[in-house]
Structure formats: structure tokens, C-alpha cells
Asker: 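Below are the C-alpha cells for one structure; questions will follow.
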Amino acid sequence: MDKKFYIAANWKMNGSLSFINDYFSNFSPKSENSNEMIICPPDIYLETVKKYAPGFIQIGAQNISSHDQGAFTGECSGQMLNDNAIKYTIIGHSERREYHHENNEDIKIKLLNAIENNISPILCVGESIEQRESDQTFGVIDNQVKSVLDSDMLSSGTSILVAYEPIWAIGTGLTATPEMANEVHAFIQSIIDDISHSRIIPILYGGSMKGSNAKELLQMEHIHGGLIGGASLDASEFIKIYNIAEEIRNG
Ligand code: PGA
């Protein structure tokens with residue numbers, strides 16, 4: 001199967017004007033068309049990144065409000081993101097689940113808001129180390145996917161991506177082995193098959209992906225890309241990962 005890769009940078013709360021300027025000053029990945037490169041900076045820099053980044057790069061937000069408008073201090077709505085031609089948004093990252101107490105119900109509403117505004121959601125799921133060690137990984141993932149995605153969403157025209165991010169691998173330098181990640185990705189695809197037969201969803205891996213481990217991860221059958229935190233803050237490292245995806249896709 002010809003597999004298109006999605007290589008997405010999650011800058012989290014990092015970056016500055018001079019960082020963005022430096023980042024794109026010598027930014028030239030191998031090819032510009034065959035896979036999708038997505039950069040998700042903090043909201044305040046969405047426009048700046050759009051201005052500095054080469055045109056083939058898609059820009060994504062790291063969050064979207066569950067409300068349309070009104071007295072919700074600090075929030076940014078789907079309509080506002082859409083006004084600014086933002087094509088993707090991360091939803092349900094484990095840091096938002098943990099520090100902002102977002103639950104599956106909130107995440108579902110955010111997903112619906114993204115779809116209504118033609119923004120492709122990147123739904124993050126993943127288990128904690130305690131859950132993995134007590135054999136709850138598949139139960140946790142099943143619940144996170146099934147309580148959020150439904151057949152109406154999956155049959156909408158908006159593309160939906162899922163990112164499998166084991167919490168114990170995020171920012172820790174620990175990575176799921178390619179086999180471990182592939183097994184969970186296949187499981188996620190099987191849940192999606194049950195919800196909506198016709199839909200193949202790109203499933204990205206996240207959790208300490210970097211230039212040195214990207215190839216073995218991206219070569220796995222069910223891994224369609226990466227959601228990259230720490231390593232995406234180094235432009236050359238991020239380009240390296242994108243180039244690996246290009247090499248795999250183009251042979
Ligand atoms: P990491 O973060 O690559 O630094 O582990 C990934 C993420 O949290 O999206």
C-alpha cells in the first residue's frame with residue numbers, strides 16, 4: 001500500500017520570534033510534496049510561522065475551545081482558527097488531559113468543533129506506565145477511541161488523524177519499540193474498522209521520536225507518521241525525520 005506520512009511538530013509552549021526566524025532561515029527538506037509536514041506552534045505564533053514557513057507546510061494549533069464564542073477567558077475557537085486558515089489541531093494531548101483536566105467528553109466536543117470548522121483533528125490517545133504494566137493498555141485505548149469517535153464523524157469529509165502517544169514515552173527519551181507501537185496502531189485501526197468500515201485513519205506515533213529511531217518506527221505497517229515534541233524544536237532533526245519519511249515513501 002502506498003502510505004502517505006504525516007510528520008507533525010508539537011512545539012508545546014516553546015518558541016519566540018527569534019527562534020522562528022532561525023528555525024526557518026535554512027529550512028530545506030528533501031522534497032516538498034509527497035508527505036505532509038505539519039507544524040503546531042503556540043497560538044500566538046500561528047501567523048508568524050505561516051509567514052516564515054515554506055508554503056508546503058501545514059500549520060496546526062495545539063488546542064481548540066469546546067465553545068463557539070463568549071466568556072471563556074484564554075480560549076480560542078474553531079471559527080477563529082479557521083479564519084486564520086489553520087488546517088489541523090491537536091486534541092486530547094496527555095498534557096491537556098492531565099494539567100487541564102480534559103476528559104473524553106470534553107475531547108469529543110472539541111473534535112466536533114474542529115470538524116464543523118473544517119479543521120482536521122489529531123486525536124491523541126495513550127496509556128500511562130501503570131496502565132501498561134498492569135495490562136490495561138488495550139482497554140484504555142479502546143475507551144479513549146470509542147468514547148470520542150463515532151460513525152458520523154468518521155463519515156464526515158474532514159480528515160481525522162489519531163496519534164498514539166504512550167505517556168511514559170513523552171519527553172522521557174523512552175520510545176515504544178516499533179513492534180509495541182505497531183501492535184497498538186493495528187488495534188486502533190481495528191476499533192475504527194468496527195465504527196466505520198470504509199475509513200482508514202492515519203495513525204501517528206508520538207513519544208520521543210527522533211532522527212535516530214524514526215526509520216524503524218515509520219517502516220512499520222500501521223505507523224503513518226509521527227507527532228514529535230522535543231526533537232521538532234531542532235529544525236535539522238525535524239527535517240531529518242521528514243526526509244526519512246520521504247525516503248521510505250519514494251523508495
Ligand atoms: P516528545 O513529545 O517527542 O518530546 O516525546 C511528543 C508529544 O508530546 O507530542
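All ligand and atom numbering here is 1-based and tracks the order in the structure. In this chain, numbering begins with 1 at the start of the sequence shown.
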Asker: Please report the shortest heavy-atom distance between A231 and M209, naming the atom on each side.
Answerer: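 Where A231 meets M209 most closely, the heavy atoms are CB-O, 3.4 Å.
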Asker: Just to be sure I read this right, does ligand 1 sit under 4.0 Å from the backbone of N10, its side chain, both, or neither, counting only heavy atoms?
Answerer: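 N10 to ligand 1: side-chain contact only, backbone stays beyond 4.0 Å.
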Asker: Of the backbone atoms (N, CA, C, O) and the side-chain heavy atoms from C-beta on, which set of K12 has a member under 4.0 Å from an atom of ligand 1: side chain, backbone, both, or neither?
Answerer: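 It is the side chain that touches ligand 1; the backbone stays farther off.
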Asker: Are any of the N/O atoms on G206, whether in the backbone or the side chain, positioned under 3.5 angstrom from an N/O atom of ligand 1?
Answerer: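 No, there is no polar N/O contact under 3.5 Å.
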Asker: Has ligand 1 got any nitrogen or oxygen that is less than 3.5 angstrom from a nitrogen or oxygen of G171?
Answerer: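 Yes, at least one N or O pair falls under 3.5 Å.
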Asker: For G126, does its backbone N or O pair with a side-chain atom of Q144 as donor and acceptor, under 3.5 Å?
Answerer: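 Checked: pair present.
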Asker: In the single-linkage hydrophobic clustering (I, L, V, M, F, W, Y; side-chain heavy atoms under 4.5 Å), do M153 and I188 co-cluster?
Answerer: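 In one cluster: yes.
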Asker: Within a distance under 4.0 Å of any heavy atom of S208, pick out the atoms of ligand 1 and give their elements.
Answerer: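 The atoms of ligand 1 under 4.0 Å from a heavy atom of S208 are 1 (P), 3 (O), 5 (O).
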Asker: According to the interplanar angle, ranging from 0 to 90°, do the rings of Y164 and H185 count as parallel (below 30°), tilted (30 to 60°) or perpendicular (above 60°)?
Answerer: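 Because their plane-to-plane angle is over 60°, the rings of Y164 and H185 count as perpendicular.
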Asker: In terms of atom number and element, which parts of ligand 1 are under 4.0 angstrom from non-hydrogen atoms of H93?
Answerer: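 Those atoms are 7 (C), 8 (O), 9 (O).
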Asker: Around atom 7 (C) of ligand 1, find the nearest protein heavy atom and jot down its residue, atom name and distance.
Answerer: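 That would be E165 OE2, 3.2 Å.
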Asker: Using a plain distance cutoff, I'd like to know if E95 has any nitrogen or oxygen under 3.5 Å from a nitrogen or oxygen of ligand 1.
Answerer: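 No - when backbone and side-chain N and O of E95 are compared with those of ligand 1, no distance drops under 3.5 Å.
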Asker: With nothing but distance in play, are any N or O atoms of T172 less than 3.5 Å from an N or O of ligand 1?
Answerer: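 In this structure, T172 places no N or O atom under 3.5 Å from an N or O of ligand 1.
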Asker: Should we count NZ of K215 as having more than 12 external heavy atoms under 6.0 Å?
Answerer: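 No, not enclosed.
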Asker: Give me the ring orientation class for F238 and F27: parallel if the planes are under 30° apart, tilted from 30 to 60°, perpendicular past 60°.
Answerer: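 Because their plane-to-plane angle lies in the 30° to 60° range, the rings of F238 and F27 count as tilted.
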Asker: Hey, mind stepping through E130 and W168 against side chain to side chain donor-acceptor pair (under 3.5 Å) and telling me if it holds?
Answerer: CA-CA 9 Å; E130 296 78 20; W168 48 271; over 6 Å; no
Asker: For atom 4 (O) of ligand 1, what is the closest protein heavy atom, and at what distance to 0.1 Å?
Answerer: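 Answer, as residue, atom name and distance: G230 N, 2.8 Å.
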Asker: Give the numbers and elements of all ligand 1 atoms closer than 4.0 Å to a heavy atom of G207.
Answerer: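 Result: 5 (O).
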Asker: Looking at N113 and H67, what are the two nearest heavy atoms and their distance?
Answerer: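 So the two residues come closest at ND2-N, 3.6 Å.
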Asker: Could you say whether the N/O atoms of G229 and ligand 1 ever approach to under 3.5 Å?
Answerer: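 Indeed, backbone or side chain, G229 has an N or O that close.
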Asker: Distance-only check: which donor-acceptor pairs under 3.5 Å involve side-chain atoms of residues 40-55, not counting sequence neighbours?
Answerer:
unit_1	atom_1	unit_2	atom_2	d
E47	OE2	K50	NZ	2.8
K50	NZ	N84	O	2.5

Asker: Show the atoms of ligand 1 that are less than 4.0 angstrom away from any heavy atom in A169.
Answerer: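 This gives 5 (O) as the contact atoms.
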